[in-house]
Amino acid sequence: MRVAVNGAGGKMGAEVCKAVQGSPDLHLVGGVDPRERVLQIGARTFANLKDALEAIDVDVVVDFTTPAAVGQSMETCLEYNVPMVIGTTGLSESELREWQVRALQENWKAIIAPNFAIGAVLMMKYASEAVRFFEHAEIIEYHHAQKLDAPSGTALRTRKLMQEVHPREIPIHSVRSPGLVAHQEVILGLPGQTLTIRHDSNNRESFMPGVLLAIRQIPRIKGVVIGLEHILFTDI
Ligand code: NAP
């Protein structure tokens, strides 16, 4: 599969370029960096996604950019009918629902996941299984200081999954500090006991198996799939 990476000059984009190049069945054909930096990715670089899709044949675009940029990237990929794997967080629930409807109408597809780390997906699953047994639940998410959105997409997704099982208030606390990557605790309380479900991404390599899995599953999905759990735990 021919893969282009949007945001190739960013922290996650650079890691995705490396992971794709290390995969014999995938071929990195381009990277997009708005600052037009010379990226050592072993593929052509472009100033914007439209230029890239005009110039090269792409089977899937992987997007790790910013909440402000991702909507336009989706419009561009829809226009060129190129599927996407999206890790960028910050799209609202209503935007996600709109994209799900549009994708089916316009025969486009994407996998959008707020967290590609397998352990984080399991954390969300276990938290949504445990929530019905506990009176009290809170989420604390910890991220590096440059993260643009708060609460994190993972925390919002965890809360949504928990509330689907057991409607109730679940406060989210966001910590931003240098030295952190991406960490989350779900704390569940009952009189006399606490259950804490914690996941730590200690480096960005932790997200790569999930990103590669999503790239490889793109040909099998239909429409917009939200959450890695749909390709991890179920047959599409
Ligand atoms: P980052 O280091 O700031 O990288 C973002 C990159 O996107 C920057 O190089 C930025 O360039 C570039 N960019 C901005 N606008 C663009 C556009 N219109 N077209 C192409 N590229 C554009 O951030 P990061 O830590 O890699 O995180 C990126 C996103 O992934 C965030 O939303 C973050 O929350 C999310 N994330 C998701 C997961 C997951 O598992 N789903 C894991 C980690 C992070 P400039 O610097 O020039 O603006």
Side-chain angles (χ1 to χ4, degrees), residues 4-19 30-41 44-54 58 61-77 80 82 84-92 95-96 110-124 141-158 174-184 199-215 224-232:
V5 176
N6 199 29
K11 292 183 281 296
M12 285 295 291
E15 198 69 39
V16 173
C17 289
K18 252 196 301 179
V32 178
D33 178 50
R35 291 193 228 187
E36 297 188 69
R37 285 172 286 205
V38 180
L39 305 175
Q40 304 296 329
I41 59 170
R44 286 179 69 182
T45 53
F46 300 87
N48 63 66
L49 188 56
K50 209 174 167 69
D51 288 354
L53 298 185
E54 279 291 330
V58 177
V61 167
V62 181
D63 188 293
F64 281 93
T65 57
T66 66
V70 63
Q72 185 53 52
S73 304
M74 292 167 83
E75 294 287 351
T76 304
C77 284
Y80 284 79
V82 177
M84 290 182 93
V85 168
I86 301 173
T88 309
T89 52
L91 283 168
S92 69
E95 286 170 318
L96 289 171
I111 296 173
I112 306 177
N115 202 316
F116 280 101
I118 309 295
V121 178
L122 291 171
M123 169 189 62
M124 290 186 246
E141 53 99 342
Y142 309 80
H143 280 84
H144 59 91
Q146 288 83 37
K147 185 168 174 62
L148 294 178
D149 51 324
S152 71
T154 304
L156 291 170
R157 176 94 185 140
T158 308
S174 300
V175 179
R176 297 288 174 268
S177 175
L180 296 170
V181 179
H183 318 260
Q184 180 169 293
H199 177 260
D200 295 276
S201 274
N202 297 317
N203 60 42
R204 292 180 176 79
E205 222 184 309
S206 62
F207 303 111
M208 294 308 119
V211 173
L212 295 177
L213 176 70
I215 293 172
V224 168
V225 170
I226 299 168
L228 197 66
E229 62 273 19
H230 297 295
I231 56 176
L232 266 184

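Read the numbers this way: they start at 1 and go in the same order the structure lists the ligands and their atoms.
By the 4.5 Å heavy-atom criterion applied to side chains, His183 and Val181 are counted as neighbours.
For Thr76, the side-chain contact (heavy atoms from CB on, under 4.5 Å) partners two or more places apart in sequence, or in a different chain, are Leu49, Lys50, Leu53, Gln72, Tyr80. Residues satisfying the side-chain contact (heavy atoms from CB on, under 4.5 Å) test with Leu156, not counting sequence neighbours, are Pro151, Arg159, Ile172. Judged as a side-chain contact (heavy atoms from CB on, under 4.5 Å), and not counting sequence neighbours, the contacts of Leu213 are Gln217, Ile231, Leu232.
Within 4.0 Å of ligand 1, protein heavy atoms come from Asn6, Gly7, Gly9, Gly10, Lys11, Met12, Val32, Pro34, Arg35, Arg37, Phe64, Thr65, Thr66, Ala69, Gly87, Thr88, Thr89, Ala113, Pro114, Asn115, Phe116, Lys147, Asp149, Phe207.
Counting all heavy atoms, side chain and backbone alike, Asp63 lies closest to Thr88 at OD1-OG1, 2.6 Å.
At most 12 non-hydrogen atoms from other residues, nucleotides or ligands lie less than 6.0 angstrom from CD of Glu205.
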